[in-house]
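Below you'll find the structure, written out as structure tokens, and then a few comments.
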Amino acid sequence: QAPQSEKHSPKVIPNHCSAKHYIRLLVYTGIYLFAFLVSSAVLVSLLSWSYLVSEDGVAEVLAHYSESLQDRFIEVPCSEDYDSHKRFEVLLCHSRLLFHAYQFVFFPPFYFCLLSQASILDLHSGALSVGKHFVNLYRYFGDKIQEVFTEEDFQLYRDVRRRIQQTIAQAFGISSSSMYLTKPTFFSRINSTEAKTTHDEYWHPHIDKVTYGSFDYTSLLYLSDYTEDFGGGRFVFMDVGANRTVEPRAGRVSFFTSGSENLHRVEKVRWGTRYAITISFTCNPDHGIEDPVLT
Ligand SMILES: O=C(O)CCC(=O)C(=O)O
Ligand SMILES: [Fe+2]
């Protein structure tokens with residue numbers, strides 16, 4: 001039981017109803033509300049910033065998948081990788097990148113669609129990677145190859161190659177006749193299955209000139225849509241201080257000089273299947289190849 005003195009002590013009832021208290025209450029509520037809003041805003045911006053520069057470290061989207069771009073040209077400082085090219089007519093020293101949205105009706109070869117893993121297909125040699133091995137489709141199908149590819153497929157490839165070549169020549173102010181198709185040129189099919197060989201590890205940062213040797217200009221034609229057909233799989237330029245992405249979109253062509261000024265990688269594909277074609281050009285006629293033909 002409570003002691004007697006406590007039981008009978010007078011209760012102190014604060015005067016809650018005075019105007020002074022109301023004003024104080026309002027001021028405190030306002031201050032708390034303001035502090036809450038400011039800290040939420042700081043938290044949201046911190047979270048979105050860390051989301052942008054976290055996992056994939058993307059700082060800037062150069063080409064959003066939903067944008068229909070025409071001729072966006074972005075200049076980057078040139079590297080010294082082209083010194084040996086001084087004997088060619090070509091001036092490569094104002095490099096980078098242009099997007100040109102063609103209305104290509106170009107589907108991945110149906111053979112690709114049957115595969116369940118990552119793969120590349122080289123139309124010149126007929127090499128198709130299947131797991132750890134390469135199958136030569138031309139040898140495998142022999143006379144029956146006409147049932148796999150049609151003359152129209154090859155005509156379309158040649159047409160696309162010619163149009164890309166002309167666009168690159170125009171963008172870089174060089175003559176189209178001083179550029180030569182070079183190898184390898186290939187269709188790529190990427191999904192989220194585990195890599196079977198190091199060739200499947202497309203996500204490593206690289207310089208095309210180092211990886212492929214003869215490349216001076218790389219062009220990439222995308223055949224499927226980021227977010228609709230696959231997740232992840234964005235192309236990333238790894239520039240000093242910033243990663244800049246190109247989000248694939250069917251019909252989008254991106255091209256750039258192949259030297260160290262354009263270090264890049266492709267993000268791992270998280271779901272779905274990503275299709276693209278790599279078509280590249282050299283300024284050195286000795287490294288040029290003819291268009292592929294259906295034999
Ligand atoms: O498919 C892409 O977006 C890029 C592929 C690539 O970097 C390459 O083929 O060297
Ligand atoms: Fe590359």
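FYI, side chains are in, hydrogens and waters are out, and symmetry mates aren't considered; it's all heavy atoms of this structure. Each ligand, and each atom within it, is numbered from 1 in the order the structure gives. Since the model is a prediction, treat every value here as computed from it, not as a measurement.
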### Query
Arg274 and Asp229: salt bridge (charged side-chain N to carboxylate O under 4.0 Å, His left out), yes or no, with the steps?
CA-CA 7 Å; Arg274 177 195 197 266; Asp229 300 315; over 6 Å; no
### Task
Only counting residues at least two apart or in another chain, list the ones meeting ring pair (Phe, Tyr, Trp, His ring centres under 6.0 Å) with Tyr226.
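Expected list: Tyr65.
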#### Entry: Test ring pair (Phe, Tyr, Trp, His ring centres under 6.0 Å) applied to Tyr202 - qualifying residues, sequence neighbours left out
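Partners of Tyr202 by the ring pair (Phe, Tyr, Trp, His ring centres under 6.0 Å) criterion come out as none, since no residue qualifies.
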### Task
Taking 2.8 Å as the upper limit, name the protein N, O or S atoms near the Fe ion (ligand 2).
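Protein N/O/S atoms under 2.8 Å of the Fe ion (ligand 2): His206 NE2, Asp208 OD1, His264 NE2.
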### Query
Under a 4.0 Å heavy-atom cut-off, which residues neighbour ligand 1?
Phe186, His206, Asp208, Tyr212, Leu220, Tyr222, Phe235, His264, Val266, Arg274, Thr278
### Query
If we only count heavy atoms from C-beta on, is the Val253 to Tyr222 side-chain gap below 4.5 Å?
no
#### Entry: Validation row: Glu290, Leu181 side chains within 4.5 angstrom (heavy atoms)
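No, every pair of side-chain atoms sits at 4.5 Å or beyond.
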Run the ring-centre check on [X] versus [Y] and record whether the distance is less than 6.0 Å.
X: Tyr157; Y: Phe154; answer: no
X: Phe281; Y: Phe255; answer: no
X: Phe256; Y: His264; answer: yes

### Query
Can Asp239 and Arg244 be counted as an ion pair, charged N to O under 4.0 angstrom?
yes
